Protein chains: 2
Amino acid sequence: MSRRKAPKSVVKRLPVYLRILDNLIRRDVEIISSRVLSEETGFTAEQIRKDLAYFGAFGTRGTGYNTSYLREKLLRIIGLDKQTKIIVVGFGHLGKALTRYNAGKNRYVDIIGVFDRKPGETGIEGLEVLTMDKLPEFLQREKVKVAMLTVPAEAAQDVTNLLVKNGITAILNFAPIKLDVPEHVYVHNADLTTELQTLIYYSSEDERHHHTE
Amino acid sequence: MSRRKAPKSVVKRLPVYLRILDNLIRRDVEIISSRVLSEETGFTAEQIRKDLAYFGAFGTRGTGYNTSYLREKLLRIIGLDKQTKIIVVGFGHLGKALTRYNAGKNRYVDIIGVFDRKPGETGIEGLEVLTMDKLPEFLQREKVKVAMLTVPAEAAQDVTNLLVKNGITAILNFAPIKLDVPEHVYVHNADLTTELQTLIYYSSEDERHHHTE
DNA sequence: CATTGTGAACGGATTCACAGCC
DNA sequence: GGCTGTGAATCCGTTCACAATG
């Protein structure tokens, strides 16, 4: 089904298409053109067609894309056709927020464990908060591949080593630190401080331009 | 000071450099080469030099960059040399997490207001949670430019319109929806669901390749 | 002589333009 | 006729290679 390996830039947009399709299907829209998808996503229509064409010819010339069909294809491409088991490590405010949000609204993933250094935290949605010593056995038993990491920066590398040693291959890292991981492990940094600072750059961009020629 | 306008790709990396410099200065390191910065950030040394050179010649040939001097320059370039006022709209779990984190650890920004649709929420760090009807007057009085938006997707566009109407020019959007904003407003999407799904793509990439030639 | 700063070469991603098809 | 799928052209960002210099 999939050709070569898809460029990062394409992969980043796939979940956006999926989200739009979910909305369209909820509104009983059955056919969608790349032009309309373009309006909904903000990407150009050509780009959308190219992105989808990477994985196959899913549309009908002269008509557009069947929303349900395309959704099925995307689910399969992204790997969401079967539920993905996920753990959250670090049960501070951010960890809680992520757990609650994904346990509730995100139908495609399944948070099966939350961990924190200190015991006694009360869980969410029937999930017990386990202490870190339970982690290795848990990961190996459940064969979890994906982790959201919300521990403090000081602890992040040590925890990461533990995760990787026990089979994790993808980490959504919220700690403001570059994680060292082996080749086969994929890390996506979601450092909110950094993103906020980038935003501030743009918030004062106009002023800056007045100062200079 | 600034030349043309800096590419997005460059701006995205500036806060990372700043973070590293803060750490180095804390450890009393006074000089740093692009090579060492490269190890700390994961970007190539050439890229780092190019990035910095966009804004001026801050280094010393044969020696490297003075950490404190470079930090000052970066603060000014990003716009963090003066405290930036920020509001948080939507005081659910994510809103709370962001407020607490940035009120505590992020020395460069100043959260001066948090808002929520429903009244009676207890604030954080001396911040009262205000209801949405207080928002217009507050924004105009305080001249806030930057907002973090953590309201539900259904409310996000309406709230955005209100923010923009009252002077906000940069929005960190956590709602899984494309916000329509005027030209001069900068939106950065931090849709955690989307990012998690991208991660899942990579977590099962190996498997996928086994299925296909 | 180590390291910055930068033009030139390269490569990847986006846009253009249109052929192919329903 | 309208919309997809795609080679060609273009744009943009990264890497290379080296000249400039403290």
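Within every chain, numbering begins at 1; the chains are lettered A, B, ... in the order of the sequence lines, protein sequences first and strands thereafter. It should be emphasised that the depicted structure is a prediction, and the values quoted were computed from it without experimental measurement.
Shown for residues 26-50 of chain B: residues whose heavy atoms fall under 4.0 angstrom of DNA chain C, namely B:Ser33, B:Ser34, B:Arg49, B:Lys50.
For the residue pair A:Gln157/A:Asn161, the side-chain donor-acceptor check at 3.5 Å is satisfied.
Scanning both residues, B:Ala175 and B:Ala156, for their nearest heavy atoms gives CB-CB, 3.7 Å. Across all their heavy atoms, A:Gly113 and A:Phe138 have their closest contact at CA-CZ, 4.0 Å.
Residue-to-nucleotide proximity on DNA chain C shows that, of A:Gly62 and A:Asp51, the 5′-proximal contact is made by A:Asp51.
Between B:Tyr65 and the phosphate of D:dG22, there is no side-chain N or O to OP1/OP2 separation shorter than 4.0 Å.
At a threshold of 4.0 angstrom between heavy atoms, the contacts of B:Gly64 are confined to the sugar-phosphate backbone, with no base atom among them.
The NZ atom of A:Lys5 sits 9 Å away from the P atom of C:dA13 (whole-angstrom rounding). Atom CZ in B:Phe55 sits about 17 Å away from atom C1' in C:dT4, given to the nearest Å. Between the P atom of C:dC22 and the CZ atom of A:Arg61 lies a distance of 8 Å, rounded to the nearest Å. Residue A:Leu52 contributes atom CG, which lies 12 Å from atom P of D:dT6 at whole-angstrom precision.
Using cut-offs of 30° and 60° for the angle between ring planes, the B:Tyr186 and A:Tyr202 rings count as parallel. Between A:Phe55 and B:Tyr201, the two ring planes are perpendicular [angle over 60°; tilted spans 30° to 60°].
One finds the CG atom of A:Leu94 at 7.5 Å from the CG atom of B:Leu192 (value rounded to the nearest 0.5 Å).
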